There are 2 protein chains.
Amino acid sequence: MGKSETARNPRTPKKTSSAANAQARPARRPAAARTETPYHHGALREALLKAAERVLERDGLAGLTLRAVAREAGVSHAAPTHHFGDLTGLLSELAAVGFRQFNAAMASACDAATTPLERALARPKAYVAYAQAHPGMYGIMFRTERLDYSRPSLHEAAEASFAGLANAVGMMRQEQISEDALTLTQGAAIARAWSMVHGFTMLLLDGRLEDILDRLPEGTTAERLLEAMLTAPITGKPTGP
Amino acid sequence: MGKSETARNPRTPKKTSSAANAQARPARRPAAARTETPYHHGALREALLKAAERVLERDGLAGLTLRAVAREAGVSHAAPTHHFGDLTGLLSELAAVGFRQFNAAMASACDAATTPLERALARPKAYVAYAQAHPGMYGIMFRTERLDYSRPSLHEAAEASFAGLANAVGMMRQEQISEDALTLTQGAAIARAWSMVHGFTMLLLDGRLEDILDRLPEGTTAERLLEAMLTAPITGKPTGP
DNA sequence: GCGAAATCTTTACACTGTCAATATTGCGTC
DNA sequence: GACGCAATATTGACAGTGTAAAGATTTCGC
């Protein structure tokens with residue numbers, strides 16, 4: 001292993017709008033067919049990531065294979081390997097895309113909030129909403145074991161996600177969260193916020209909250225349950241199960 | 001990798017003491033030849049589940065394949081299919097075993113608790129402890145998508161797990177939790193407890209709490225963080241990220 | 001005892017990831 | 001301009017997987 005990922009630079013000829021994924025590559029026709037489907041794709045890496053996203057949404061996590069992505073992008077089955085090294089590489093880069101989408105969604109939700117209550121609930125709601133809108137992507141990000149966090153793009157995107165969370169908790173507690181040291185109380189607050197929302201999301205996606213939702217008053221949505229979970233008065237006793 | 005698949009010679013083998021890895025060959029059927037490895041295993045289903053558990057602990061979730069389990073049990077590669085239908089079937093039955101182990105661990109932890117504080121923290125701690133002691137099994141139960149909850153054994157075991165949780169939350173709140181109806185507050189309490197511990201466990205197993213733990217005072221363990229997370233004073237504001 | 005059903009093996013096939021060996025092209029350097 | 005090399009993409013191969021079908025062997029109901 002250790003095939004250092006080639007830093008592929010965008011020399012992209014003209015890219016045009018044929019980036020709309022030219023399917024139906026009619027096999028090799030080298031000299032003549034230069035107008036379409038050149039031997040060198042030009043922006044295959046990005047095309048593969050987009051193809052992977054489509055496959056993921058269409059066929060789920062189980063259908064997301066290197067060869068399926070290659071088929072979707074209309075290239076040979078071994079083409080992805082050259083750009084991502086192996087399946088872990090592809091999944092990791094795709095997870096990085098997901099984290100960036102996720103971070104953008106969180107930021108935009110925060111900006112839209114006005115009242116204090118809204119501001120407090122905006123991020124959790126956006127968190128769950130993203131996962132529900134992109135369950136496959138969320139699965140790549142948080143369910144898969146095959147992620148390589150030593151890849152810079154993934155490490156960065158995930159780190160940014162964590163930083164946003166820690167920062168939001170700090171805001172909530174109206175105190176500065178240091179970069180390199182935390183009190184136990186601060187760490188507990190961050191862990192609680194993250195665990196709660198992440199756990200809720202996973203249980204929800206796995207259908208394990210159906211038992212609860214079905215027993216709740218008619219028409220109670222998952223979002224309403226989330227709200228209640230985050231805002232309900234605390235008994236003063238430990239809240240463990 | 002060089003393992004030639006047909007290592008198992010045709011029947012009537014003289015090697016009676018193949019007890020190397022197949023010591024659990026009871027040959028409970030009082031047939032004539034009990035010393036030889038009989039064509040019919042006799043208790044292959046249970047043997048396969050135990051083999052699966054060994055494979056899972058040894059090679060992780062990625063190594064848990066139908067054929068690997070068959071090899072571990074010393075039978076042909078298609079034998080598991082007959083007992084479990086397909087891979088989903090095997091994983092589901094194994095998850096059921098896990099849920100039963102899990103329920104037993106939780107119950108025993110509850111019994112051992114004496115003081116109110118201990119009683120409040122016993123279940124969460126046992127929850128995390130089980131996951132740390134059996135990460136593979138926990139992954140089967142909560143990470144895999146391929147589970148068939150229509151299988152009675154799995155449905156029952158998982159249901160018992162949920163009932164135990166709901167019951168514990170009811171105890172904590174000193175109120176009766178009805179079987180078929182919940183108030184929003186009750187549902188929120190259950191969802192909060194479960195989400196928090198489940199989310200914490202997944203983040204911990206995935207190494208995503210390392211960032212927090214590293215920034216905490218020297219020598220703070222995950223268990224200590226869990227305690228703090230569950231018992232820390234509430235600010236009165238919503239606790240979302 | 002005997003046929004039927006259950007159990008296990010063998011065989012086969014379509015997939016998969018990954019490697020090695022090509023073919024094709026782009027680009028820097030004469 | 002042409003040449004050479006590296007990047008890019010294809011082809012082919014191989015071991016491993018799940019799963020289905022057909023055959024072999026044993027147990028069970030009658």
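Just so it is clear, the model here is predicted, and its values are computed rather than measured. Chain identifiers are assigned alphabetically (A, B, ...) following the order of the sequence lines, protein sequences preceding nucleic acid strands; residue numbering begins at 1 within each chain.
- Test B/Thr144, B/Leu87, B/Leu56, B/Asp59 against B/Leu64 for side-chain contact (heavy atoms from CB on, under 4.5 Å) and you get one pass: B/Leu56.
- Residues A/Ile190 and A/Leu182 meet the side-chain proximity criterion, which asks for heavy atoms closer than 4.5 Å.
- Sorted by first and then second residue, the salt bridge (charged side-chain N to carboxylate O under 4.0 Å, His left out) pairs with a member in residues 154-165 of chain A form an empty list; sequence neighbours excluded.
- From A/Asp206, atom CG reaches atom CG of B/Leu147 across 8.5 Å, with rounding to the nearest 0.5 Å.
- Within the structure, the side chain to side chain donor-acceptor pair (under 3.5 Å) test picks out the following pairs touching residues 86-100 of chain A (sequence neighbours left out): A/Arg45-A/Glu93, A/Thr88-A/Arg146, A/Glu93-A/Arg151, A/Glu93-A/Ser153.
- Taking only distance into account, the side chain of A/His77 meets the base of D/dG12 through a donor-acceptor pair shorter than 3.5 Å.
- The distance between atom CZ of A/Arg71 and atom P of D/dA9, rounded to the nearest whole Å, is 18 Å.
- Of the possible polar contacts, one joining the B/Arg192 side chain to the A/Met229 backbone as a donor-acceptor pair under 3.5 Å is found.
- Ring pair A/Phe142/A/Tyr138 is tilted by interplanar angle, where 30° to 60° counts as tilted.
- Nucleotide D/dT25 holds its C1' atom 15 Å from the CG atom of B/Leu44, rounded to whole Å.
- Interface residues of residues 61-68 of chain A facing DNA chain C, ordered by number: A/Thr65, A/Leu66, A/Arg67; criterion, heavy-atom separation under 4.0 Å.
- Atom-to-atom distance recorded for B/Tyr127:OH and B/Leu165:CG is 8.5 Å, nearest 0.5 angstrom.
- Terminal axes of the helix from C/dG1-D/dC30 to C/dC30-D/dG1 (five pairs each, C1' rotation axis) are separated by 0°, to the nearest 10°.
- Contacts between residues 78-92 of chain B and DNA chain C, defined by a heavy-atom separation below 4.0 Å, involve B/Ala78, B/Ala79, B/His82, B/His83, listed by number.
- In this structure, B/Arg146 places its CZ atom 11 Å from C1' of D/dT17, rounding to the nearest Å.
- Not counting sequence neighbours, the partners of B/Glu53 by the side-chain hydrogen bond (donor to acceptor under 3.5 Å, both in side chains) test are B/Gln101.
- Below 30°, between 30° and 60°, or above 60°: for B/Phe162 and B/Trp194 the angle between ring planes is between 30° and 60°, a tilted geometry.
- Within 4.0 Å of B/Arg45, counting heavy atoms only, lies no atom of the nucleic acid at all.
- Residues B/Glu223 and B/Val128 have side chains not in contact (no heavy-atom distance under 4.5 Å, counting atoms from C-beta outward).
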